[in-house]
Amino acid sequence: MGAGHPRNRLRGMGFVDRHAKWLFPLPAMVFIFVMMIFPLIYTLYNSFTGWSLSSGAPRTWNHFANYARLVHDDRFLLSIVRMFYFTVAAVAVELIIGTAVAVFLNRSFRGKNIIQALLLLPMMATPVAVAMVWMLMFEPTAGIVNYLLSIVGLPQPGWLGEARWALPTLILLDVWEWSPMITLMALAGLTNLSSETLEAAAVDGATPWQTFWRITLPLLRPTLTVAVLLRVIDALKWFDTIYATTGGGPGYATETLNIYTYQQAFSYFNFGYVSSILVVFFAIVLGISLLLSVIRGRVEA
Amino acid sequence: MKPRFAMLAGSAVTLVGLLAGCGGGSVGSSQNNAGNPASSTKGVTIRVVLANHPWTDGIKKLLPDFESKTGIHVNLESYGETQLTQKLTTEFTSGNSDIDVFAQRPLQEARLFVQNGWYQDLNGYVKDQQKTPTDWQYNDFFPSALQTENVNGTLTGIPIVVEHEVLYYRKDLFAKANLQPPKTIDELVTDAQKLTDKSHGIYGFVARGDRQASVTQFSSFLYSYGGDWFDQQTKKATLNTPEAIQAFETYGKLLKDYGPPGTLNMSWPQAAAVFAQGKAAMWTDADSVFQNVTDPSKSQVAQNVGIAKFPAGPKGSIPYSVTSWGLSIPKTAPHKDAAWQFIVWATSPDTVKKLQTGSSPVPGARASLWNDEDMKSFPSDWVAAAKASADGRPYDRPLVVQVGQARDIIGTVIDTGIQGGDVTAAASSANQQFQQLLDTEKK
């Protein structure tokens, strides 16, 4: 790029020209370093220290003591299990519902635009506002859900207020909020499919069911992989709705890793220990993202 | 182009104005230091960080009085209580906070903050007659309220709001069932059973069941049964004593058998809502939140709410009686003298009287103002119940540094009781964990 410039340029510009490939991205690199890499390194550093506001002792280097403690911390281990349970269940259901709705919507009919616009609504709503509405609807005594169930004569669970129902209720909430995203991405993928293959299948006498399983779904797979990747990363880090509805309760029934992290940091003030949890958390999210990217590469190849 | 330029110029002027304002304040304070204390703080701007609370709403309206009297400008911020703790710890940890006055929950935070050396000890200010006028009357504050603020000899704050646990009950339901409000916990249990009518959606009893939030309201049950969190002399945890287990079991049974579903997620707003909607006959919680059930705009049963002293257990009726909020000065405060003037004004007999008699009255911590005349904004049975509780325990949670962990440990036993689990096993495992926590704080 810098080669072959006329010599009659301003002298000072020579430096800029020669180093353009460093200089231009520099502001962005500084920003990324200050806002992302520095906090990460600082957290890593803290994770090797015994820094707790409640100990009264100065911050000391304690090597791997925090990590050794993690292995025996039941709340930590259970919160990881809950995080995966939630992520796998929610994303699986969202994938099925989202794709099914997309296939159903992938034809022209009156009011299609309105329905597509409506699909966006759950995603646009503020998570905390959504949480409030769901809490009211699923309130065990005064909520509308149990009222409707009582009319039909079905049993009325305690939803968010009952330990074994709380996490499934939150999964339901997440499915409601995020299935539309899969639908929209799948719809975009479907519109890009060539109609020729589908027509050829129809000529060959394939049933709609066969067409879906043998042609549409395989062609849609790259799109769906990206959708799943995005949803999985988001679901692992999910915080706001849990915090606003149950805060990790009843008991510890909905305490995912993210909620536990928050408790350790802002209720217990164990900054060193919480840093080690965050490092593990970061490694998990990074690992899964890489894994999904590899899968995605295979699918697209 | 023209309007945009005008806007730019306007904001530049504002900016300059702001800078000038700040500069003027600090210059004023340093120049006049030689003079008397009142004039040295003139023109100073102090940063006051408070909680979202009726007390804050009340003091906001009175601020102009203070500003015109002293010439001190007040920049007031307020946050939700959890956010406030987060804000304070983050700022104080960073070491360059410019907060001059903050509202604190002494029982929740004071030990942690003392541990980290974040307080200006107010003992020196209270005794200094140069800084504190004699008519401020330090000895007028309730002894239990001051005791709550006192941590290992440090006076961490001046109490602004006091709180006791009381019993709220539905007069109409009790009259219909021909019952008197319970005087003992045993009566409370039998009354709760009699008044529960699940087919009509009426539950005998409601209270907090949330793991962290329930601990404070469970405390009066524990004390009245003769239990405590730990022995303060020997630092031995006492969560699995027979008295404590009885208290855990009773509280759990009340909510499991006679409480509405979903109590495990309830803090006071949810429990208050159940009671205000007419779905519960009794509710035990802090007296300071009474307006949520006695104000007709918030409560469907406002006319029928009765308030009584916390019922007695085997050791009598021992409710907590604590300072729920106080005002403190951080060690790092840039304008300590002005900050102290603000606290003296906000806790003066005159201001407290105004706050107590306003439209949303807040119970202050001054004994001399708890007469009928100055308490006329409160329901009469509220005043009687609160007065009778004044000599209760000065703490509603264990007095430890790691309050958050302690509440989680204890709350787990409470939740086990509500879910009908093995309370004895849960209590002994909790006792072990709590002992470990106490041991780490012994040194």
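Every chain is numbered from 1, with letters handed out A, B, ... down the list of sequences. Just so it is clear, the structure is predicted and the values come from calculations on it, not from any experiment.
- For B:T196 (side chain) and B:G204 (main-chain N/O), a donor-acceptor pair under 3.5 Å exists by modelled atom type.
- Heavy atoms of B:Q108 lying under 4.5 Å from chain A are absent altogether.
- Between the side chains of A:N270 and A:S52, a donor-acceptor pair is found at a separation under 3.5 Å.
- Residues B:D295 and B:S297 have side chains that bring a donor and an acceptor to within less than 3.5 angstrom of each other.
- Between the side chains of B:N431 and B:Q435, not a single donor N or O lies within less than 3.5 Å of an accepting N or O.
- Annotation: side chain to side chain donor-acceptor pair (under 3.5 Å) contacts involving residues 26-38 of chain A, sequence neighbours excluded, are absent.
- Side-chain polar atoms of B:Q212 and B:D408 form a donor-acceptor pair below 3.5 angstrom.
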Go through the steps for B:N152 and B:R111 under the test side chain to side chain donor-acceptor pair (under 3.5 Å), then give the verdict. CA-CA 9 Å; B:N152 310 332; B:R111 280 172 170 70; 5.0 Å; no
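- Interface residue B:Y203: only side-chain heavy atoms are found under 4.5 Å from chain A.
- In this structure, chain A has a heavy atom under 4.5 Å from the side chain of B:T93, while its backbone stays farther away.
- In terms of heavy-atom pairs under 4.5 angstrom with chain A, the leader among B:T412, B:T89, B:D415 is B:T89.
- Looking at A:F269, only its side chain comes within 4.5 Å of chain B, counting heavy atoms on both sides.
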When the side chains of residues 271-284 of chain A are checked against the rest of the protein, which donor-acceptor pairs come out under 3.5 Å, sequence neighbours left out?
unit_1, atom_1, unit_2, atom_2, d
A:Y273, OH, A:D73, OD2, 2.7
A:S275, OG, A:F271, O, 2.7
A:S276, OG, A:Y273, O, 2.6

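- For the options B:P260, B:G411, B:G262, B:G201, heavy-atom pairs under 4.5 Å to chain A are most numerous at B:G262.
- For the residue pair B:A272 and B:N292, the shortest heavy atom distance occurs at CB-CB, 4.2 Å.
- Within the 4.5 Å cutoff, side-chain heavy atoms of A:L257 are placed close to those of A:F76.
- In terms of non-hydrogen atom pairs under 4.5 Å with chain A, the most contact-rich of B:I418, B:N116, B:T90 is B:N116.
- Contacts between residues 150-167 of chain A and chain B, counted as heavy-atom pairs separated by less than 4.5 Å, involve A:L160, A:G161, A:A163.
- Residues of residues 258-266 of chain A that come closer than 4.5 Å to chain B, counting heavy atoms only, are A:Y262, A:Q263, A:F266, ordered by residue number.
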Step by step, work out the side chain to side chain contact (heavy atoms under 4.5 Å, CB included) result for B:E77 and B:L50. CA-CA 6 Å; B:E77 301 161 36; B:L50 303 175; over 6 Å; no
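- Among all heavy-atom pairs drawn from B:Q115 and A:L53, the shortest one is CG-O, 3.9 Å.
- Among all heavy-atom pairs drawn from A:V285 and A:S289, the shortest one is O-OG, 2.6 Å.
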